[in-house]
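The block underneath contains the structure these notes are about, expressed in structure tokens.
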Amino acid sequence: MKILVCDDDEALISMVRFKLSRENFGEVIKAVDGREAKRLLEENDFDLIISDIHMPFHSGLEIVTHVRQVLKKKTPIIILSAEGLEETVLQAFDIGANDFITKPFSPAELAIRVKRLLNL
Amino acid sequence: MWDILYWIVNVLIFIYAITIAVSYLLLAAVSMIEMQAYMRRNYFIDYKYILSSPFAPGISLIAPAYNEGLTIIDNVKSLLSIMYNNYEVIIINDGSKDDTLAKLIPAFDLVKVNYDLQYTVATKPVRGIYKSRNRAFKKLTVVDKENGGKADALNVGLNVSKKDLVACIDVDCIIEPDALLKMVKPFLEDNTVIASGGVVRIANSCIIEEGRLIEIKLPVNLIARMQVLEYIRAFLLGRMAWSKLNGLLLISGAFGLFKRETALKAGGYNHKTVGEDMELVVRMRRYMHEQRLPYRVAYIPDPLCWTEAPASSQILSRQRNRWARGTFETLSIHRKLFFNPRYGIMGMLSYPFWFFYEWLSPFVEFIGLIFFIVLVILGKVHWVFFLSLTLAVYCFAFFISMSSLLAEETSFFKYTTKRDIFKMIAIALIEPIWFHPRVVWWSLRGNYDLMKGKKSWGEMTRQGFVQYKSKEKVAS
Amino acid sequence: MNEQSSFTAIHATSEVRIFIILALIFFTAAILFVGFILVSRFTKNKRQEKEAILRNYFQRTLNAMIIMETTSSVPASSHVFKLDTLRTMTGKSSLARQVMVNQLVSVKKSISGSSSKILERLYIELDLHTYSLGKLKRDSWQKKAQGIRELAELNYQPAVETIRTYIVSDNRTLREESLLALVRLDNEGPLSFLDQYSGTISPWMRINIHYHLSKSDARKLPQFSRWFSSSNLDVVLFALSMARQFRQSSAIPFLTALLSHTDTRVAGLALETISALEAHELADGITQRVEAFWTSEKLSSRMVRCLGRIGYTSEHKYTILRYLDHPEYTVRFNAVQALYKMDDEARQLLLDFNTKMNGILSGAIEHVSEPLLQ
């Protein structure tokens, strides 16, 4: 299993990474901005993507659009964002995100949701 | 006879020199104090709360574009990824002669829509309004209009916008992602704020990718480097104090945020001047005074907007020439304000300051220099006297530059390597002899052109192109 | 001639002396500034290096402590050992304490649930709450505000009463910081201070308070309608916007009275709240008051929007219809939009009116029917 985590907060990435590897979900790869995320997505096949919304270069929503419309992949995507406005959540699901978690989030809950999306 | 003339001119010049020096020292001191207060107040502000709030006011980013075909796609993409929720991007294609519109249409999947546009402020006709069929670009509106200059294009933006606030920007500027969050905060803290202005910094030699600033560097080009110092001095030392006094007259055309309603009521941008950015602020302030409404013009010292500065003396001379004309036009349109107590600080302090120390200073500097040189040649004044005076002025200029570097160091601290500090000090030492005299000369030329070319004025504004190359105005 | 030149010469020498002294003063001051810049640069760099090292270390330890404790049973000795190490490190310098507090705060911002409780416990176990409380005793308002912020972020409830004393501080930042801390820490009544509050509530405070309320337990929210009759206008506006945002239908019965409030902002916000709560039962109440709105552009716009959302009888529709020839374009536009989106009957009324008026509203109708402009 290969999971991509995109967030500009390194502390958060390191925690999510720690949690997911403890749960034995496989390899966790990080991207600190939208540009790096796009590059990694083009070079690799991921089984799951976890992304923040507001990041340098490309937003998480742009990443979703890119995966669905340009790469035409069905990789499950979880949006993990501090911004929980109804409009944003609706837009995220509308353009193809599979799940939306608002920060502050519980790492245990994240793990469960990841597990469900990976069909483990 | 000669002696009387000598004494009069001498006294006038000395009064001028002393008052200008004292006001600069005062402004610098107030700025430094205010800057520290700003840094302390905003030390632990979490701007992201605005991002996730349903109470964040709506903002329209208005960006006029004229012959920007080369970079327009990247520019628009970067504007669409700014961190703010309730905002839209309105690109005004001001009758470009190149493929600006032709590039936008396929790139963003645009189609013409039936927009019921009201010409609240009269403008050149709009040919069409476009929206994207792709939901990912929902925030984007493109307006195609006949060419009418930058002010006219901005007015179209004011008419199209339906949001409470409008941000007027140069399309090729690099806007920091959190710029709107910071600019909007004064409006949230005080509902009498009608406009807020930001700092403009110089992007030459900085590393920029996909419309984003990756690494800040000091320009390699000397002319651009001189302007870095000039901009730091103007933005950190001057405007901070003016905003504290609520006497700010100029919000840079490259990036300013306005209350749309007030801008419209004041009549929008004036397309008859090349200094439309300053003119709008003055007119909005005048409107508020005349309606007897309380108001404030705020200023954000964070570096939020980066722009490419002219790197050749030819282009720079055109820019400074235009600034000089814009300043004079604004001052002359609003001459009623001059020492008029009805207009408060603006009438009694800001306007006279701009008149005497911004507009008049190139004349005084030029005439003063010629005057003393002639006296030295005629033997009326000893050359030691002349040299010591020059030395005092030079040291004063150096001191002011160092104060601005100190203000930068204690606040935003952008040029981080130690080498950069020494480069800046060298620049501060060279600038008064190598760069400043030319700036003075260009301003004089601007005033001369204005007097000479009054009749052909309308023609000049309509060309539009000149205005689009305007980036930023610096009170030097 | 001789007299003249000697006069100038004497005068000149004293002036020259002044100029040279001035030049020296400015030059020395400038050099002092340069020295200051260099020293400050050096200390800043050193501090940043140290901070980065501490931050990395703390983050790694925190990850382990948070994740391990919530997943598997780890021997207690491992926890004790980590705690001891952290305690030694934070005991060494105030820089380390500050970095640790910052780290706790920043991690706490992104996680919730049992993991976040661990952070709160750590804050106390490492005695960092004493460090934050110590800041309240400092003279500088900035330190005080920072201490309050830390206590609030890490949910240290025993500090509530101490923080309450700063609500009346002269310093705006300190006052606002303590209000926000109360909203977060005061479990009894997070907004009870509003009862006697005579200060202002800026939109910025509204955003902050709303943020914290939205992250807290919805059952703890008070009934905002209890402040609708407050004598402080800012409190009324605040309560109304919160009632709207949290969709408190219990506020509906009190909204009609606010429509005739002397302040138009209150009336306008009441209309928006009625729309948001979809209080159909108030539609008749609005049509009865409709005369009062006509002269104000903003109120008229909001009224037609509101009625478009909640109206259902033909009387409601005819009320909106009358605003189709309002002198202000925005009002006409909003009326067009309201009727167009209401139902078929309303849309027909709109189209008939437009035909009768020789199509003056055709532009607006095309605009509202354009799917890409929605």
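In what follows, chains are A, B, ... by sequence order, proteins preceding strands, each numbered from 1.
Geometrically, B:K259 does not engage B:F187 in a cation-pi contact defined by less than 6.0 Å to the ring centre and at most 45° from the axis.
A tilted orientation is assigned to the rings of B:F385 and B:F372, their planes being inclined by 30° to 60°. Relative orientation of the B:F55 and C:H210 rings is perpendicular, given thresholds of 30° and 60° on the angle between their planes. Ring geometry for C:W204 versus B:Y47: interplanar angle of 30 to 60°, hence tilted.
Contact annotation for C:Q142: both backbone and side-chain heavy atoms come within less than 4.5 Å of a heavy atom of chain B. With a threshold of 4.5 angstrom between heavy atoms, C:S362 does not approach chain B through any atom at all. The contact between C:T173 and chain B is made entirely by side chain atoms (from C-beta outward), counting heavy-atom distances below 4.5 Å. B:S53 touches chain C through its side chain: at least one heavy atom from C-beta onward sits under 4.5 Å away, while N, CA, C and O do not. In this structure, chain B has heavy atoms under 4.5 Å from both the backbone and the side chain of C:E366. With a 4.5 angstrom heavy-atom cutoff, B:F386 does not touch chain C via any of its atoms. Proximity to chain B is limited to the side chain of C:N45, based on heavy atoms less than 4.5 angstrom apart. If you measure heavy-atom distances from B:E261 to chain C, the contacts under 4.5 Å come from the side chain alone. Proximity to chain C (any heavy atom under 4.5 Å) is shown, for B:D46, by both the backbone and the side chain. Of the atoms belonging to B:Y394, not a single heavy atom falls under 4.5 Å from chain C. When heavy atoms are compared at a cutoff of 4.5 Å, B:L406 approaches chain C by way of both its backbone and its side chain. Contacts between C:R41 and chain B at a heavy-atom distance below 4.5 Å involve backbone atoms as well as side-chain atoms. In this structure, chain B has a heavy atom under 4.5 Å from the side chain of C:L38, while its backbone stays farther away. For B:E189, the parts lying near chain C are the backbone and the side chain together; criterion is any non-hydrogen pair under 4.5 Å. Both the backbone and the side chain of B:R133 come within contact range of chain C, with heavy atoms under 4.5 Å apart. Contacts between C:Q146 and chain B at a heavy-atom distance below 4.5 Å involve backbone atoms as well as side-chain atoms. With a 4.5 angstrom heavy-atom cutoff, B:I421 touches chain C only via side-chain atoms. Proximity to chain C (any heavy atom under 4.5 Å) is shown, for B:Y130, by neither the backbone nor the side chain. Neither the backbone nor the side chain of C:E150 comes within contact range of chain B, judged by heavy atoms closer than 4.5 Å. If you measure heavy-atom distances from C:Y329 to chain B, the contacts under 4.5 Å come from the side chain alone.
Contact check for B:Y84 versus B:V184: side-chain heavy atoms found under the 4.5 Å cut-off. Side-chain contact between C:L180 and C:I209 is present, with heavy atoms from C-beta onward closer than 4.5 Å. For the pair B:L405/B:M402, a side-chain contact is recorded, criterion being any heavy-atom separation below 4.5 Å from C-beta on.
Separating the CG atom in C:L174 from the CD1 atom in C:I163 is a distance of 10.5 Å, to the nearest 0.5 Å.
With chain B as the partner, the residue from C:L373, C:N208, C:L22, C:I20 showing the most heavy-atom pairs under 4.5 Å is C:L373. In terms of non-hydrogen atom pairs under 4.5 Å with chain B, the most contact-rich of C:I365, C:I207, C:N171, C:T330 is C:I207. When each of B:A397, B:A392, B:S388 is checked for heavy-atom pairs under 4.5 Å with chain C, B:S388 comes out on top. Residue with the most contacts toward chain C among B:L389, B:I425, B:L391: B:L389 (heavy-atom pairs, distance under 4.5 Å).
Checked for salt-bridge contact, C:K44 and B:E409 meet the test: a charged N lies under 4.0 Å from a carboxylate O. C:E272 has a carboxylate O that lies under 4.0 Å from a charged side-chain N of C:R244, or vice versa, which qualifies the two as a salt bridge.
Residue C:F33 is tested with B:S401, B:S404, B:S403 for a side chain to side chain contact (heavy atoms under 4.5 Å, CB included); the sole match is B:S403.
Checking side-chain atoms of C:N334 against main-chain N and O of C:R305 turns up no donor-acceptor pair under 3.5 Å.
A side-chain donor-acceptor contact under 3.5 Å links B:K185 and B:N42.
Heavy atoms only, all atoms of each residue included: B:P186 and B:I300 are closest at CG-CD1, 3.5 Å.
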